[in-house]
Amino acid sequence: MKPLLSVDAALSALLNTAQPVSATENVSTLAANHRVLAHDLVSPMNVPQQPTSAMDGYAVRAADLQRLPARLRVTQRIAAGQVGSALAAGCCARIFTGAPIPPGADTVVMQEAVQPDAEHAIFSATVSAGHHVRPVGEDIHVGQTLLQAGQRLSPQALALAASVGLAQLQVYRRIRVGLFFTGDELVMPGQDLQAGNIYNSNRFALRALLERLDCQINDYGQVPDDLEATVDTLQQAMQGNDVVLTCGGVSVGEEDHVKNAVQRVGQLHLWQIAVKPGKPLAFGTLGMATKPCFFLGLPGNPVSAWVTFLLFARPFLQKLQGVQTLAPVRYRLAAHFDWLKPDQRQEYLRAHLDETGRVVLSGKQGSAVMTSVVRAQGLVEVPPATVIRSGDAVYFLPFSELV
């Protein structure tokens with residue numbers, strides 16, 4: 001029997017095959033959340049553009065506060081969005097956070113340290129020049145690279161782009177994913193659950209995960225456990241999609257037709273991985289070799305589908321989208337559990353952190369137990385044939401880096 005591919009070998013095979021899309025489009029910065037930046041974002045301006053106040057207080061010349069107490073005349077009031085006039089010696093300006101420092105002033109004294117007196121302000125402490133003043137370019141310099149191509153745009157990244165006046169951003173086009181599910185036992189929530197039926201929870205999980213990646217989803221629904229029906233749906237789905245993602249039907253049972261259907265309309269490049277849960281993962285191409293549509297077949301058990309999507313489908317789809325950084329962050333933490341019956345495959349256990357930061361298993365670890373996925377904060381990576389005892393260091397992959 002041919003040995004199973006390791007997790008690392010399987011992932012490398014997928015990523016080496018994936019070619020990022022090249023088409024780009026300009027979109028409003030307001031509408032660019034989760035999109036992938038196509039070119040480096042270089043600042044056209046300094047931030048701030050002029051010295052500004054970092055405090056509510058009084059703008060002064062530091063030289064006027066060398067002899068204390070100092071009583072300075074308040075000659076102007078400058079709020080954010082206003083521009084003051086030149087400040088004469090022996091005078092000060094009431095100023096507010098974010099307002100430009102008037103010419104002649106070099107320091108801001110916060111209002112709590114000043115005693116107002118009619119048209120004057122009394123200062124009782126010396127300050128150094130530049131105190132509470134944000135200099136030109138303190139945050140951003142003109143010509144500075146703020147965001148790099150291949151970065152997925154987060155809310156904070158959009159704020160950064162907007163802060164330098166960019167109303168539009170050039171991003172890669174969204175990839176199109178055809179999605180369908182196999183299994184005569186599946187019904188949708190809202191339908192009557194007959195004997196032998198189960199609700200199709202995977203449809204909800206996988207659609208939500210694809211939406212998190214900002215994919216364009218074409219959902220072909222549920223396909224009967226029938227070879228010809230599976231072939232027909234694959235042929236339909238590979239038209240106009242970059243990837244066809246299926247769930248179920250990739251194992252070795254008599255009613256598992258996806259593997260044979262893929263071989264009818266394309267090529268199967270990879271099948272069965274040394275991973276638990278998720279061994280039956282399949283990968284291939286559909287259609288013409290010159291412009292293939294990629295195929296990813298996930299197992300039907302809910303946890304298996306969840307784990308294989310996060311470990312394999314997610315980085316593959318991200319590379320197609322043009323994302324540069326694909327490896328999730330892993331933390332080396334202490335286990336607060338025993339795992340004494342290791343598998344020959346690499347295992348991924350659902351777990352969370354206790355109040356001391358130790359890793360605790362989140363319930364039963366069967367491949368159909370979704371309650372443990374909901375309780376978990378991430379996955380523990382267990383190398384093949386590895387025993388874990390409480391106190392051992394383990395790698396923890398948080399869902400915050402994977403979902």
Heavy-atom count around Q191 CD within 6.0 Å, excluding the residue itself: above 12?
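More than 12 heavy atoms, drawn from other residues, nucleotides or ligands, come within 6.0 Å of this atom.
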Between D354 and T356, do the side chains contain a donor N or O and an acceptor N or O under 3.5 Å apart?
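D354 and T356 do have a side-chain donor-acceptor pair below 3.5 Å.
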Distance-only check: which donor-acceptor pairs under 3.5 Å involve side-chain atoms of residues 137-146, not counting sequence neighbours?
{"unit_1": "E138", "atom_1": "OE1", "unit_2": "R134", "atom_2": "NE", "d": "2.7"}
{"unit_1": "H141", "atom_1": "NE2", "unit_2": "G137", "atom_2": "O", "d": "3.4"}
{"unit_1": "Q144", "atom_1": "OE1", "unit_2": "H141", "atom_2": "N", "d": "2.9"}

Please list, chain by chain and in numerical order, all residues satisfying ring-ring contact (aromatic ring centres under 6.0 Å, His included) with F294, sequence neighbours excluded.
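F316.
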Who passes ring-ring contact (aromatic ring centres under 6.0 Å, His included) against F123, sequence neighbours left out?
none
Determine yes or no for a side-chain-to-main-chain donor-acceptor pair under 3.5 angstrom, with D225 supplying the side chain and D184 the backbone.
yes
Sequence-distant partners of [X], side-chain contact (heavy atoms from CB on, under 4.5 Å), two or more places apart:
| X | value |
| --- | --- |
| Q236 | Y220 |
| H352 | V360, S362, Q377 |
| Q365 | W339, L349, R350, L361 |

Which residue pairs satisfy the side-chain hydrogen bond (donor to acceptor under 3.5 Å, both in side chains) criterion with at least one member in residues 309-333, sequence neighbours excluded?
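Every side-chain hydrogen bond (donor to acceptor under 3.5 Å, both in side chains) pair that includes a residue of residues 309-333, provided the two are not neighbours, is R152-Q318, R152-Q321, R330-E381.
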Going by salt bridge (charged side-chain N to carboxylate O under 4.0 Å, His left out), name the pairs with one or both residues in residues 30-40, residues two or more places apart or in two chains.
E25-R35, R35-D214
Indicate every side-chain donor-acceptor pair of residues 90-103 with a distance under 3.5 Å to a residue at least two apart or in another chain.
{"unit_1": "R94", "atom_1": "NH1", "unit_2": "G57", "atom_2": "O", "d": "3.1"}
{"unit_1": "R94", "atom_1": "NH1", "unit_2": "Q111", "atom_2": "OE1", "d": "3.2"}
{"unit_1": "R94", "atom_1": "NH2", "unit_2": "Q111", "atom_2": "OE1", "d": "2.8"}
{"unit_1": "T97", "atom_1": "OG1", "unit_2": "D56", "atom_2": "N", "d": "3.2"}
{"unit_1": "T97", "atom_1": "OG1", "unit_2": "D56", "atom_2": "OD1", "d": "2.9"}

Would you give the length of the straight line joining atom NE2 of H34 to atom CG of L213, rounded to the nearest 0.5 angstrom?
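Taking NE2 in H34 and CG in L213, the distance rounds to 9.5 Å.
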Nearest 0.5 Å, what's the CG-CZ distance between L402 and R212?
11.5 Å
When you look at L311 and L11, which way does the side chain to side chain contact (heavy atoms under 4.5 Å, CB included) test go after all the steps?
CA-CA 8 Å; L311 296 181; L11 183 57; over 6 Å; no
Which pairs count as ring pair (Phe, Tyr, Trp, His ring centres under 6.0 Å) when at least one residue sits in residues 383-403, sequence neighbours excluded?
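Of all non-adjacent pairs touching residues 383-403, those that pass ring pair (Phe, Tyr, Trp, His ring centres under 6.0 Å) are W306-F399.
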Sequence neighbours left out, what passes salt bridge (charged side-chain N to carboxylate O under 4.0 Å, His left out) with R375? Give chain and number order.
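In terms of salt bridge (charged side-chain N to carboxylate O under 4.0 Å, His left out), with neighbours along the sequence ignored, R375 is linked to no residue.
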Could you tell me if the side chain of L193 sits less than 4.5 Å from the side chain of V187, heavy atoms only?
yes
Using a 3.5 Å cut-off and no angle test, enumerate the donor-acceptor pairs between side-chain atoms of residues 242-250 and protein atoms at least two apart in sequence or in another chain.
{"unit_1": "D242", "atom_1": "OD1", "unit_2": "R173", "atom_2": "NH2", "d": "2.8"}
{"unit_1": "D242", "atom_1": "OD2", "unit_2": "R173", "atom_2": "NH1", "d": "3.0"}
{"unit_1": "D242", "atom_1": "OD2", "unit_2": "R176", "atom_2": "N", "d": "2.7"}

